[in-house]
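Shown next, in structure tokens, is the structure this report addresses.
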2 protein chains.
Amino acid sequence: MKNKITIKDIAKLAGTSVSTVSRVINDSPSVSDKKRNHIKQIIADNNFQPNMLARGMVSNKTQTLAVVVSDINNPYFTDLISQIEVISRNAGYTLLLINTMTAGKMNKDNSTQLEINAFKNILERHVDGVLILGGEIDRESVADNYLTALNELNDQIPVVIIGQKIDGCNALFVERDQFRSAEIITQHLLALGNRRIAFIGGEPGIRITSQRLAAFKETMNIYSKVDEHLVILNDYYPQSGYDGMNSLLNSEEKLPDAVVAINDRVAWGVFRALHDHGLNSPDDIAVGSCDAFPNGEFMTPRITTVNQHNESLGKIALHFLFQLIDNKELNRTEETHLPELIIRESCGAKKRDEKND
Amino acid sequence: MKNKITIKDIAKLAGTSVSTVSRVINDSPSVSDKKRNHIKQIIADNNFQPNMLARGMVSNKTQTLAVVVSDINNPYFTDLISQIEVISRNAGYTLLLINTMTAGKMNKDNSTQLEINAFKNILERHVDGVLILGGEIDRESVADNYLTALNELNDQIPVVIIGQKIDGCNALFVERDQFRSAEIITQHLLALGNRRIAFIGGEPGIRITSQRLAAFKETMNIYSKVDEHLVILNDYYPQSGYDGMNSLLNSEEKLPDAVVAINDRVAWGVFRALHDHGLNSPDDIAVGSCDAFPNGEFMTPRITTVNQHNESLGKIALHFLFQLIDNKELNRTEETHLPELIIRESCGAKKRDEKND
DNA sequence: GTGTAAAAAGAAAGCGCTTAACAAAATAGA
DNA sequence: TCTATTTTGTTAAGCGCTTTCTTTTTACAC
């Protein structure tokens with residue numbers, strides 16, 4: 001490891017003072033063009049990179065954003081992170097990534113503690129802003145010490161949370177209407193004539209699940225009624241859909257006409273279970289879901305789902321975060337993106353249209 | 001934003017000197033238990049977090065690792081990152097995440113420049129170690145300025161690269177045998193009696209593609225021969241498999257008996273194309289691939305693929321990186337993980353067994 | 001030439017911390 | 001009791017930079 005070259009070295013090489021070199025680095029005006037060019041040349045020749053730690057100490061800016069994410073393997077978050085990375089990079093920020101879920105499910109206390117630790121870490125590092133995706137915030141009830149830690153963090157550093165607003169939290173929230181999206185897909189399935197509809201997937205105690213499930217139930221109750229045997233929660237992954245559908249298929253109960261899967265990945269498992277039983281979607285059982293994950297059009301059948309326009313979430317959240325960092329007045333426009341039904345094959349709408357032609 | 005509390009404030013509150021407080025923070029022995037406890041109490045009461053920038057300046061350690069990744073949306077990398085995050089966090093490091101691909105494909109110059117910029121950024125931030133996943137390193141030929149920048153980075157900070165060794169690069173490489181995995185799946189397909197086999201997916205000019213394609217061709221040439229019309233490269237995503245398979249299905253050429261997809265996601269698109277043409281895998285066309293992505297067992301048909309044990313890559317890479325950071329002698333054991341065939345449904349091996357019973 | 005204002009350059013303080021060097025106090029041995 | 005040693009605490013330097021305050025240089029008018 002070579003010894004790092006410092007601003008002092010550059011000053012010496014250029015035969016000038018440290019402060020003049022600093023002025024050149026920071027594009028301060030009061031340096032003559034001649035000297036400026038000379039110094040720039042020397043900086044380039046020696047491949048000098050100013051030490052950001054030192055700059056950060058005095059300027060109180062680290063050009064760093066912390067991203068706290070509960071599950072980096074979830075493509076919903078990955079999508080978000082990659083958007084966030086690009087926008088941040090273009091704005092001159094680098095991301096500190098903090099994942100708070102180890103592997104699989106964790107017990108609640110443990111994950112709460114992990115997030116609180118993350119906040120401490122963030123505080124130590126003096127980042128300029130914090131973005132929180134999912135995690136504890138998704139829970140229906142948040143521990144008091146978590147809320148305290150989060151508010152303390154937000155006292156020191158601007159925090160923007162992508163998720164549903166929670167009471168008592170002072171951070172800024174950017175949210176999507178999770179109720180509405182489940183309502184849309186349930187209405188669609190009902191409109192196609194299905195009356196006995198199952199709900200599969202989602203983790204109990206997590207807000208997105210309760211909201212979507214509530215939407216499902218309320219909507220169902222208008223035209224039909226919910227058979228509680230047909231509501232099977234678990235988590236958000238294909239295995240969950242597979243197990244859920246299988247238990248329905250293997251039970252004594254009458255089979256449903258249709259299934260609302262909590263998201264496309266769960267639907268994937270549902271399809272697999274159906275196929276294993278020689279059944280077919282949409283002909284035997286229609287399946288609809290939410291979230292429009294990438295590549296849903298390659299599933300067999302192509303999945304009918306609800307696009308929440310999550311692709312704009314990262315952009316909006318950063319927009320706010322940058323405003324907070326710069327102490328600007330918040331301008332909460334351009335936030336509304338309504339969920340939108342994407343009709344593909346798995347609910348059978350197109351097939352029905354063809355028949356009616 | 002509250003004013004941050006500093007070590008000075010703690011010293012004043014504790015009626016002692018800054019250095020004594022520092023000793024307590026750093027668990028230095030020469031402080032009496034009484035004073036130590038008193039100071040610890042005050043630190044806790046005031047929720048004091050030492051400023052890591054300041055600590056980093058003097059100690060030359062930032063407890064930060066940079067992770068440079070070309071495409072954070074690729075689940076192969078996401079898997080890797082999430083492992084890396086957990087291990088790093090447990091070792092007291094936080095990750096700086098730098099994604100170098102914006103969206104979709106980029107032209108080569110642009111992405112080279114993005115990575116070089118990333119290296120500069122890393123240098124400025126004085127991280128303790130760097131991990132590189134994919135990116136330029138994957139290309140068959142690397143630009144000179146890229147190699148120079150990479151070597152300069154490695155001169156200052158330990159760099160570990162997960163990928164195939166490139167000439168002239170001084171960083172440490174951790175690799176998997178990409179040739180072997182394609183060889184395995186091709187052999188499997190040949191052993192099942194297929195002779196006319198297509199190769200779909202992968203990006204020309206990227207090393208993993210050339211290596212797997214070379215393995216495919218060499219293996220094929222032993223028992224059969226390669227019809228160049230049946231080799232269709234593009235990229236690594238379902239669309240690529242879909243388009244590739246479709247073009248085969250729509251062409252005048254005789255259809256292949258089997259397909260080697262470069263990875264499971266490409267195979268996914270292949271299945272979709274087959275299905276659109278009323279064809280079925282493995283009955284009409286067998287499909288095998290590499291990489292054993294998560295949830296492959298939920299595909300229809302369940303995919304037969306080759307597990308590269310990439311799950312151990314992150315662990316091994318960090319193991320080395322930590323050794324380099326601590327200036328330890330490198331101990332390159334436990335590195336061998338042979339690729340392994342996972343037989344599921346899509347090549348038809350099990351069906352054949354049943355028939356023979 | 002002198003005088004003055006503006007521009008350019010430099011000196012020095014300080015960001016929050018660690019740590020070497022030193023000083024003081026406590027303990028031990030003679 | 002007195003010195004030698006160990007333990008505990010303090011002072012101050014310095015990490016690499018920014019920035020305020022000062023000084024020097026330059027430009028221009030008279």
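Numbered from 1 within each chain, the chains take letters A, B, ... in sequence-line order.
Nearest heavy atom pair, residue B/G56 against residue A/L53, reads C-CD1, 3.9 Å.
Summarising the geometry, atom CG belonging to B/N310 is positioned 10.0 Å from atom CD1 belonging to B/I316; distances are rounded to the nearest 0.5 Å.
Listed by first and then second residue, the ring pair (Phe, Tyr, Trp, His ring centres under 6.0 Å) pairs that reach into residues 11-63 of chain B come to none, sequence neighbours excluded. The salt bridge (charged side-chain N to carboxylate O under 4.0 Å, His left out) contacts involving residues 318-327 of chain A comprise A/D326-A/K328, where partners must be two or more places apart or lie in separate chains.
In terms of the side-chain contact (heavy atoms from CB on, under 4.5 Å) criterion, residue partners of A/K120 (sequence neighbours excluded) are, by chain and number, B/Q49.
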Contact string for nucleotides 5-17 of chain C, one letter per nucleotide 5' to 3', B = base within protein heavy-atom range under 4.0 Å, S = sugar-phosphate only, - = neither, reads ---SBBB--BBBB

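Overall bending of the helix from C/dG1-D/dC30 to C/dA30-D/dT1, expressed as the angle between end axes built from five pairs apiece, is 50° (10° steps).
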May I have the list of side-chain donor-acceptor pairs in residues 167-174 of chain B shorter than 3.5 Å, sequence neighbours left out?
{"unit_1": "B/N170", "atom_1": "ND2", "unit_2": "B/N151", "atom_2": "OD1", "d": "3.3"}

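Between B/F119 and B/Y146, the ring planes lie tilted relative to each other; the angle falls in the 30° to 60° range.
In this structure, CZ of B/R125 is placed 15 Å from P of D/dC17, rounded to the nearest angstrom.
For the pair B/N99 (side chain) and A/S82 (backbone), a donor-acceptor distance under 3.5 Å is absent.
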